[in-house]
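See below for the structure under consideration.
Predicted, not measured: the structure shown is a model, and the values here were computed from it.
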Amino acid sequence: TIGTALVAKAPPDGQTLASRVKFDLDLPSASADDVPLGPGVRLPEWDYRRAALQPEHCLIQVMESRNTTPFVPSAALKLTARRIRRRLETLRDAPRPQHGQDSGDDIDLDAWVRFSADQTGRCGLHSDTPAIYTRRVCSERSLATLLLADLSLSTDAYATPQAKVIDVIRDALFVFGEALHAVGAPFAVWGFSSVRRHHVRLQHLKSFDEPWNDASRARVGAIKPGYYTRMGAGIRHATLQLAGRPERRRLLMLLTDGKPNDLDVYEGRYGLEDTRQAIHEAHAAGLSPFCVTIDEKAHDYLPLLFGEQGYAMVHRPQDLIKQLTQAWATLSRR
């Protein structure tokens with residue numbers, strides 16, 4: 001996110017990001033910009049100062065890359081994708097625990113505590129078959145995932161001497177798509193950035209109703225650093241996409257390198273409070289939001305937004321793929 005020191009390192013030529021980039025963020029001409037899909041959608045935004053949602057405050061514009069070429073992953077990235085895919089295939093086929101059973105392999109401690117409390121309140125009455133066990137069974141997983149990637153200008157910084165943050169994100173999205181496609185899990189992939197509230201860009205990479213194929217891989221391969229990080233608007237758009245899914249569990253995974261900000265009042269507490277409210281709205285819609293970040297300062301604000309168990313930090317950018325898929329694997333077992 002612009003103006004914050006994240007994992008950025010000096011590029012190979014020794015220049016800093018600030019010395020190489022003029023912060024002239026006027027939008028490009030229509031002929032040079034990505035293609036807008038539809039007229040846009042207006043969404044609310046939370047103003048903590050008034051403790052109220054401002055209706056139709058932000059304009060969401062879905063965009064798609066104008067010029068895409070086939071994405072050709074490196075041999076190393078293909079190898080990583082195969083390894084992650086095999087891991088998730090093993091996870092898919094593994095038995096999963098069913099809790100609160102009347103017989104099983106292990107004691108379900110939560111169920112036992114509830115049962116004990118109930119028996120205490122019933123004055124000695126008891127059940128001959130208490131549902132206090134956990135049984136491992138093979139069952140169909142009912143889980144839909146939407147991965148929302150921060151494509152703000154800060155991703156133009158160098159994560160390692162060889163790769164920028166945007167390159168690390170691109171590789172992670174590709175591997176994530178390959179793995180979820182292989183296990184047959186329904187998923188969507190979007191990117192986002194913003195230039196004030198009237199131009200929040202949602203980058204269409206893959207929606208739920210289209211396959212993971214050469215076209216979606218090419219859109220992932222074409223991602224580039226955008227503008228600012230109006231995070232609440234991006235989360236609300238993702239919530240709309242997930243809310244209508246029929247799966248029992250719906251996972252909203254945010255991939256970011258910094259905290260919410262924009263050119264206007266969205267900097268500071270305003271942006272944090274709006275993002276927190278958007279996450280509350282996602283929970284209220286029955287979703288499970290989770291954040292994976294490569295921001296070294298994330299402990300300062302992510303517990304406020306996602307809760308202590310609602311995020312994971314990546315200490316080395318090159319570990320992003322591993323951390324992202326590990327988070328998904330863990331969340332899919334809940």
_Between Thr293 and Asp257, does the side chain to side chain contact (heavy atoms under 4.5 Å, CB included) criterion hold? Intermediate values first, please._
CA-CA 5 Å; Thr293 182; Asp257 72 337; 5.8 Å; no

*Stepwise, does the side chain to side chain contact (heavy atoms under 4.5 Å, CB included) test hold for Ser65 with Gln203?*
CA-CA 8 Å; Ser65 180; Gln203 198 72 21; 4.3 Å; yes

*Passes salt bridge (charged side-chain N to carboxylate O under 4.0 Å, His left out), Arg217 versus Glu178? Steps please.*
CA-CA 9 Å; Arg217 293 184 186 97; Glu178 292 289 295; 2.6 Å; yes

*Are Ile321 and Phe174 close enough, and set up right, to give a side chain to side chain contact (heavy atoms under 4.5 Å, CB included), and what steps lead you there?*
CA-CA 9 Å; Ile321 292 173; Phe174 169 75; over 6 Å; no

*Would you check, one step at a time, whether the test side chain to side chain contact (heavy atoms under 4.5 Å, CB included) holds for Val35 with Met63?*
CA-CA 5 Å; Val35 180; Met63 311 292 291; over 6 Å; no

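For the pair Val168 and Ile166, the minimum side-chain heavy-atom distance is 4.5 Å or more. Side chains of Lys224 and Asp34 form a contact here, defined as non-hydrogen atoms less than 4.5 Å apart. Within the 4.5 Å cutoff, no side-chain heavy atoms of Glu267 are placed close to those of Asp262. Between Phe187 and Leu146, the closest side-chain pair of non-hydrogen atoms is not below 4.5 Å. Pro44 is listed as a side-chain neighbour of Arg236, based on a closest heavy-atom distance under 4.5 Å. By the 4.5 Å heavy-atom criterion applied to side chains, Tyr301 and Asp295 are counted as neighbours. Contact of the Leu255 side chain with the Leu320 side chain is registered, since non-hydrogen atoms from C-beta on lie closer than 4.5 Å. Residues Glu247 and Pro186 form a side-chain contact, since some pair of their non-hydrogen atoms from C-beta on lies under 4.5 Å apart.
Closest approach of Thr275 and Gly232 over heavy atoms only: OG1-N, 3.7 Å. The minimum heavy-atom distance between Ile84 and Ala179, with the atom names listed, is CG2-CB, 3.8 Å. What you find for Ile169 and Ala149 is that their closest heavy atoms are CG2-CB, 4.2 Å. The two residues Ala238 and Leu252 have their closest heavy-atom pair at CB-CD1, 3.8 Å. Smallest separation of non-hydrogen atoms from Asp33 and Arg66: O-NE, 2.8 Å. For Ser288 against Arg249, the heavy-atom pair with the smallest separation is OG-NH2, 3.3 Å.
Between the Arg245 side chain and the Arg250 main chain, no donor and acceptor come within less than 3.5 Å of each other. Side-chain atoms of Thr160 come within 3.5 Å of backbone atoms of Gln162 as a donor-acceptor pair (strictly under, hydrogens ignored).
A continuous path of Ile, Leu, Val, Met, Phe, Trp and Tyr side chains, each step under 4.5 Å between heavy atoms, connects Val165 with Phe71, placing both in one hydrophobic cluster. Following chains of ILVMFWY side-chain contacts shorter than 4.5 Å, one cannot reach Leu59 starting from Leu37, and the two form parts of different hydrophobic clusters. At a threshold of 4.5 Å between side-chain heavy atoms, the hydrophobic network of Ile, Leu, Val, Met, Phe, Trp and Tyr places Leu180 and Leu331 in one connected group. Under the 4.5 Å side-chain heavy-atom criterion for ILVMFWY residues, a single connected hydrophobic cluster contains both Val183 and Met253.
Under 4.0 Å is where a charged nitrogen must lie from a carboxylate oxygen, and between Asp319 and Lys322 no such pair does. With respect to Asp156 and Lys164, a salt bridge is recorded, a charged nitrogen being found less than 4.0 Å from a carboxylate O. A salt bridge does not link Asp274 with Arg269: every distance from a Lys NZ or Arg NE/NH1/NH2 to an Asp or Glu carboxylate oxygen is 4.0 Å or more. Salt-bridge annotation for Asp47 and Arg49: present, with a side-chain N of the basic residue lying under 4.0 Å from a carboxylate O of the acidic one. Using a cut-off of 4.0 Å between Lys/Arg side-chain N and Asp/Glu carboxylate O, Arg86 and Glu89 are scored as not salt-bridged. Contact check on Glu45 versus Arg197 returns no salt bridge, with no Lys/Arg side-chain nitrogen under 4.0 Å from an Asp/Glu carboxylate oxygen.
Remark: aromatic rings of His181 and Phe176 are distant, center separation not under 6.0 Å. Aromatic ring centres of Phe290 and Tyr311: separated by at least 6.0 Å.
Other residues, nucleotides and ligands place more than 12 heavy atoms under 6.0 Å from the CG atom of Asn213.
Through chains of ILVMFWY side-chain contacts below 4.5 Å, Tyr266 is grouped with Trp46, Tyr48, Leu53, Val265, Tyr270.
Once rounded to the nearest 0.5 Å, the distance linking CG of Leu305 with NE2 of His280 reads 9.0 Å. With rounding to the nearest 0.5 angstrom, the CD1 atom of Ile60 is 5.5 Å from the CG atom of Leu202. How far CE of Met313 is from CD1 of Ile294: 10.0 Å, rounded to the nearest 0.5 Å. For the atom pair CH2 (Trp190) and CZ (Arg201), the distance works out to 13.5 Å, reported to the nearest 0.5 Å. With values rounded to the nearest 0.5 angstrom, Cys291 atom SG is found 6.5 Å from Met231 atom CE. Annotation: the span from Ile235 atom CD1 to Arg230 atom CZ amounts to 13.0 Å, rounded to 0.5 Å.
Put simply, the residue from Asp264, Asn261, Val200 that forms a side-chain contact (heavy atoms from CB on, under 4.5 Å) with Tyr228 is Asn261. Of the residues Leu254, Leu147, Leu324, the one that meets the side-chain contact (heavy atoms from CB on, under 4.5 Å) test with Val292 is Leu324.
Annotation: ring-ring contact (aromatic ring centres under 6.0 Å, His included) contacts of Phe306 (sequence neighbours excluded): none. Every residue two or more places apart in sequence or in another chain that forms a side chain to side chain contact (heavy atoms under 4.5 Å, CB included) with Glu210 is listed here: His204, Lys206, Ser207, Arg219.
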